[in-house]
Amino acid sequence: MNHKTWTELSLIIPEEWESYDAALRLITMMSRLSLSFLRLSSSSLVSANELRKVMQCVPTSVVVVTSRDQSDGRLRGVTCSSFTSVSSNPPIVSFCMQNPSRFHNILTRTEKFAVNVLSETQANLSIHFSTPVSYSADVDPKGERENNTKESRVSEDQFEKVAFALDEQWGLPLIQGAVAHLVCEAKQFHEMGDHFVWYGNVLSTIPQTNRSFVAPLLFFGRSYRSIGDDAFIAAFEDTTLPFDFWTHKAHLRMAWNYLKHNDLQASLDKVRRGINRFNASNSDKVIFGYSETISYFFLTMVHQAMRAENGSQKWENESFEDFLDRNPQLTDSKLPYKFYSKDVLLSDEAKSNFVPPDLQEFRTEEDSTKESVVVK
């Protein structure tokens, strides 16, 4: 059977097969056909890395699938970025999770789950529910559960700091602030390569109820690039941005956003207030703290890059990612060391006030008569 025939068959669901059991039998048949096709295609020359590079260009929705473990009553959740609708009549959805997976074992027992479609401001929850859960010795005395290491683990109670409500009928956790919820009955799963593919019958849906539209969270290009700039700045300013997101790239994004609407000095004032407030909210994680010199340096570099190319305003109509693609030198967090010695840059004076560079000069807003240093 060739691929075209398999694809054509997968689109045919006879009208008389109205029960979802019949539809699932069809899905089972098609899955077996797909497995046969995959075995025939096992000689493909496409490597896993090559496939990943292509799939990074494909935006996917981000959902958290939640359930209640029937063995101990604990609420569980796992982040999935491969959620899709399989059939509208009957209503069937599917999602994938890695093999092995503790959550897979839970679903085989509970047979009920909820799909929480995350909003663009809930990337922190995506990270939270993709982090392995820690287990106490009485729950896992032999340490047999996979990924049970001390590093990068969340507490045994995944929902301890997560706002949620319980589904009235099944007691499934529904994450507050999500774009939508689907309550489902787990019906079947298939082992496909290094993942499990689960199918579920949709029992009920809970759509977004806010009057104003809330955009969903998307994932592509190895990051949550769907987070709008307004949402990013709002999360930064109200200190709800996950600390793990506070990377050098995030600093640049902050600078780029402020400079789009403010001059250099006003942007510096916003950066100073924002970072100090954000650091105060994350005092247990901050190591170095705010530096006036480093902040002013990168703001100046971003400012110059935005107004490069003979003063064109191209940046007004481009995305932040496009801006970085044009200015990859800015992604080097060690760039200041081309202009500053370590002793000067990391000094107490440089943290509290702007200190001029001691290795080579760079053009500042106030000194427009100096020749600009071209950073490559």
Side-chain angles (χ1 to χ4, degrees), residues 19-35 38 61-87 90-117 125-126 128-136 138-149 153-159 162 164 166-175 181-205:
S19 72
Y20 87 87
D21 286 332
L24 284 173
R25 287 198 297 272
L26 177 62
I27 292 171
T28 301
M29 179 185 73
M30 298 314 304
S31 297
R32 290 171 180 169
L33 289 173
S34 67
L35 286 171
L38 289 172
S61 60
V62 183
V63 304
V64 172
V65 180
T66 57
S67 189
R68 179 187 292 273
D69 193 339
Q70 296 299 315
S71 65
D72 55 19
R74 286 187 173 91
L75 305 179
R76 303 297 190 194
V78 64
T79 301
C80 298
S81 59
S82 53
F83 168 73
T84 188
S85 171
V86 175
S87 167
I92 298 173
V93 296
S94 74
F95 65 91
C96 298
M97 68 178 72
Q98 285 189 326
N99 179 8
S101 166
R102 292 188 293 269
F103 195 81
H104 166 80
N105 298 331
I106 292 173
L107 282 186
T108 59
R109 297 190 294 266
T110 186
E111 297 184 350
K112 298 292 187 300
F113 65 88
V115 178
N116 303 265
V117 183
L125 294 181
S126 174
H128 174 75
F129 284 102
S130 63
T131 305
V133 180
S134 63
Y135 287 90
S136 59
D138 59 323
V139 175
D140 185 22
K142 297 182 180 179
E144 294 175 343
R145 307 215 188 191
E146 66 269 22
N147 298 325
N148 190 18
T149 60
R153 297 186 303 179
V154 298
S155 105
E156 197 173 311
D157 182 2
Q158 286 183 290
F159 290 84
V162 176
F164 69 96
L166 293 177
D167 162 61
E168 293 181 359
Q169 186 172 5
W170 308 106
L172 301 172
L174 305 177
I175 297 174
H181 308 277
L182 299 90
V183 177
C184 306
E185 181 178 17
K187 297 305 296 183
Q188 255 185 11
F189 71 87
H190 294 103
E191 186 174 349
M192 300 285 279
D194 55 5
H195 277 68
F196 291 113
V197 183
W198 272 92
Y199 301 95
N201 180 42
V202 181
L203 302 177
S204 63
T205 60

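In this chain, numbering begins with 1 at the start of the sequence shown.
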ask   = Aromatic ring centroids of F113 and F95 under 6.0 Å?
value = yes
Contact summary for [X] and [Y], nearest pair of heavy atoms:
X	Y	result
S126	V62	OG-CG1, 3.5 Å
S67	F103	CB-CZ, 3.8 Å
V197	C96	CG2-SG, 3.8 Å
Q158	R76	OE1-CA, 3.3 Å

Can you tell me how far [atom2] of [Y] sits from [atom1] of [X], rounded to the nearest 0.5 angstrom?
X	Y	atom1	atom2	answer
C80	W198	SG	CH2	12.0 Å
K187	I92	NZ	CD1	9.5 Å
L172	R68	CG	CZ	7.5 Å
F129	I175	CZ	CD1	4.5 Å
R74	I106	CZ	CD1	10.0 Å
M97	L107	CE	CG	5.0 Å

ask   = For P173, does its backbone N or O pair with a side-chain atom of H181 as donor and acceptor, under 3.5 Å?
value = no
Results of side-chain contact (heavy atoms from CB on, under 4.5 Å) for S204 - residues two or more places apart only = V183
request  = Return the set of residues passing ring pair (Phe, Tyr, Trp, His ring centres under 6.0 Å) with F196 (not counting sequence neighbours), or none when no residue passes.
outcome  = H104, F189
query = With sequence neighbours excluded, what pairs up with T66 under the side chain to side chain donor-acceptor pair (under 3.5 Å) test?
reply = N116
task = Quick one: list whatever passes side chain to side chain donor-acceptor pair (under 3.5 Å) with S94, sequence neighbours left out.
result = none
Check: [Y] and [X] side chains under 4.5 Å, non-hydrogen atoms:
X	Y	answer
C184	L203	no
R109	D69	yes
T79	L125	no
L166	L75	yes

